[in-house]
Amino acid sequence: DGNDIDDDDCSNDCKLPFPEPPTGCEATPSPDGLSVFWICPEDAVRPNPDMSAGWLSCESFCMDRESWSAALDSQAKIEAISQALDPAEAAYWTGMFAWNSGDEDGEWQWSTGMTTEDYDPWLPGHPNFEDVDEDGQTCGWIRPGESGLRDARCDRPAGCICQWDG
């Protein structure tokens with residue numbers, strides 16, 4: 001009948017509300033209002049205390065909740081997230097990674113598949129590939145109050161930032 005809503009006529013007003021954040025996590029809206037970030041401390045990400053909360057744990061944690069580790073692909077997103085981070089946590093994983101990089105020519109990308117061609121999220125001097133694991137893997141994390149990412153070996157324990165777009 002004439003009261004049906006056609007998806008083609010829908011704007012952001014038709015978008016479902018953002019879901020509640022996972023237990024132990026805080027929600028922060030994206031500056032563009034189109035997504036929400038869940039900021040999760042390390043102990044909320046680990047399935048059990050004997051496991052590490054490295055980058056892969058963060059990625060799995062986010063995917064299990066129908067989201068992904070955050071793509072901080074603008075300065076506005078980095079600043080919003082940086083200010084929302086709990087200073088009690090040393091660092092938080094984002095969706096940035098480079099497998100088998102080993103040198104400054106490594107290919108960086110977000111877990112969403114986007115590359116860094118349009119925006120450079122790094123702090124000055126990063127990525128520097130000084131903290132890689134035995135396979136040459138390194139990932140991107142952000143520390144509270146900082147205005148860009150640092151690279152670190154992917155198996156280091158840290159908090160996690162998930163991104164949900166609906």
Side-chain angles (χ1 to χ4, degrees), residues 21-22 24-28 30-32 34-48 50-86 89-166:
C25 303
E26 296 290 326
T28 298
S30 175
D32 60 15
L34 299 177
S35 58
V36 66
F37 296 109
W38 294 327
I39 300 172
C40 307
E42 180 186 339
D43 60 357
V45 178
R46 285 185 288 180
N48 70 59
D50 296 329
M51 296 185 74
S52 170
W55 188 88
L56 285 173
S57 293
C58 175
E59 185 72 5
S60 294
F61 178 85
C62 295
M63 290 177 68
D64 288 349
R65 285 147 185 88
E66 298 181 9
S67 63
W68 56 82
S69 48
L72 303 181
D73 55 0
S74 73
Q75 192 61 37
K77 288 181 182 178
I78 285 178
E79 288 174 10
I81 289 296
S82 178
Q83 298 309 311
L85 297 178
D86 181 353
E89 287 283 322
Y92 291 81
W93 289 119
T94 68
M96 180 65 73
F97 69 96
W99 297 129
N100 300 318
S101 50
D103 63 31
E104 291 190 42
D105 295 324
E107 290 221 22
W108 288 95
Q109 67 177 17
W110 298 104
S111 58
T112 60
M114 296 178 352
T115 66
T116 59
E117 288 178 16
D118 295 329
Y119 175 72
D120 179 1
W122 302 104
L123 285 172
H126 288 271
N128 58 27
F129 298 95
E130 292 177 1
D131 189 21
V132 298
D133 64 21
E134 58 275 359
D135 295 325
Q137 299 172 347
T138 187
C139 298
W141 67 12
I142 187 169
R143 293 181 176 169
E146 292 190 339
S147 60
L149 304 184
R150 296 173 179 264
D151 59 319
R153 59 185 297 145
C154 302
D155 59 357
R156 287 177 161 247
C160 178
I161 305 169
C162 299
Q163 180 175 339
W164 187 88
D165 289 336

Test side-chain contact (heavy atoms from CB on, under 4.5 Å) applied to I142 and W93, step by step: CA-CA 7 Å; I142 187 169; W93 289 119; over 6 Å; no
Residues I161, L85; criterion side-chain contact (heavy atoms from CB on, under 4.5 Å); working and verdict: CA-CA 9 Å; I161 305 169; L85 297 178; 4.1 Å; yes
4.5 Å side-chain heavy-atom contact, I78 and E146: no
Interatomic distance, E59 atom CD to C154 atom SG [nearest 0.5 angstrom]: 11.0 Å
Intermediate values then yes/no, disulfide (SG to SG under 2.5 Å), C62 and C160: CA-CA 8 Å; C62 295; C160 178; 3.6 Å; no
Side chain D151, main chain N128, donor-acceptor under 3.5 Å: yes
L149 vs H126 side-chain heavy atoms within contact, under 4.5 Å: no
Any donor-acceptor N/O pair, R65 side chain to F61 backbone, under 3.5 Å: yes
Backbone N/O of S69 and side chain of S111: donor-acceptor pair under 3.5 Å: yes
Side chain T28, main chain A84, donor-acceptor under 3.5 Å: no
Distance-only side-chain donor-acceptor flag, Q75 / Y119, under 3.5 Å: yes
From T138 atom OG1 to R156 atom CZ, the distance as rounded to the nearest 0.5 Å: 9.5 Å
Main-chain N/O of A71 paired with Q163 side-chain donor or acceptor, under 3.5 Å: yes
Least distance between heavy atoms, G140 atom then T94 atom: O-OG1, 2.8 Å
S67 side-chain N/O to M63 backbone N/O, donor-acceptor pair under 3.5 Å: no
Parallel, tilted or perpendicular, as decided by the 30° and 60° cut-offs, for the rings of W122 and W108: perpendicular
Candidate pair M114 and D73, rule side-chain contact (heavy atoms from CB on, under 4.5 Å), full reasoning: CA-CA 9 Å; M114 296 178 352; D73 55 0; 2.8 Å; yes
Side-chain touch E89/E42, heavy atoms, less than 4.5 angstrom: yes
Side-chain touch C25/I39, heavy atoms, less than 4.5 angstrom: no
T115 side chain reached by E107 side chain, heavy atoms, under 4.5 Å: no
Side chain to side chain, S57 and V45, heavy atoms closer than 4.5 Å: yes
Test ring pair (Phe, Tyr, Trp, His ring centres under 6.0 Å) applied to W55 and F97, Y92, W141, the passing residue: F97
S82 side chain vs S147 backbone, donor-acceptor pair below 3.5 Å: no
Side-chain heavy atoms of Q109 within contact of M96, under 4.5 Å: no
Test side-chain contact (heavy atoms from CB on, under 4.5 Å) applied to F37 and C162, step by step: CA-CA 6 Å; F37 296 109; C162 299; over 6 Å; no
More than 12 heavy atoms from other groups under 6.0 Å of CD on E26: no
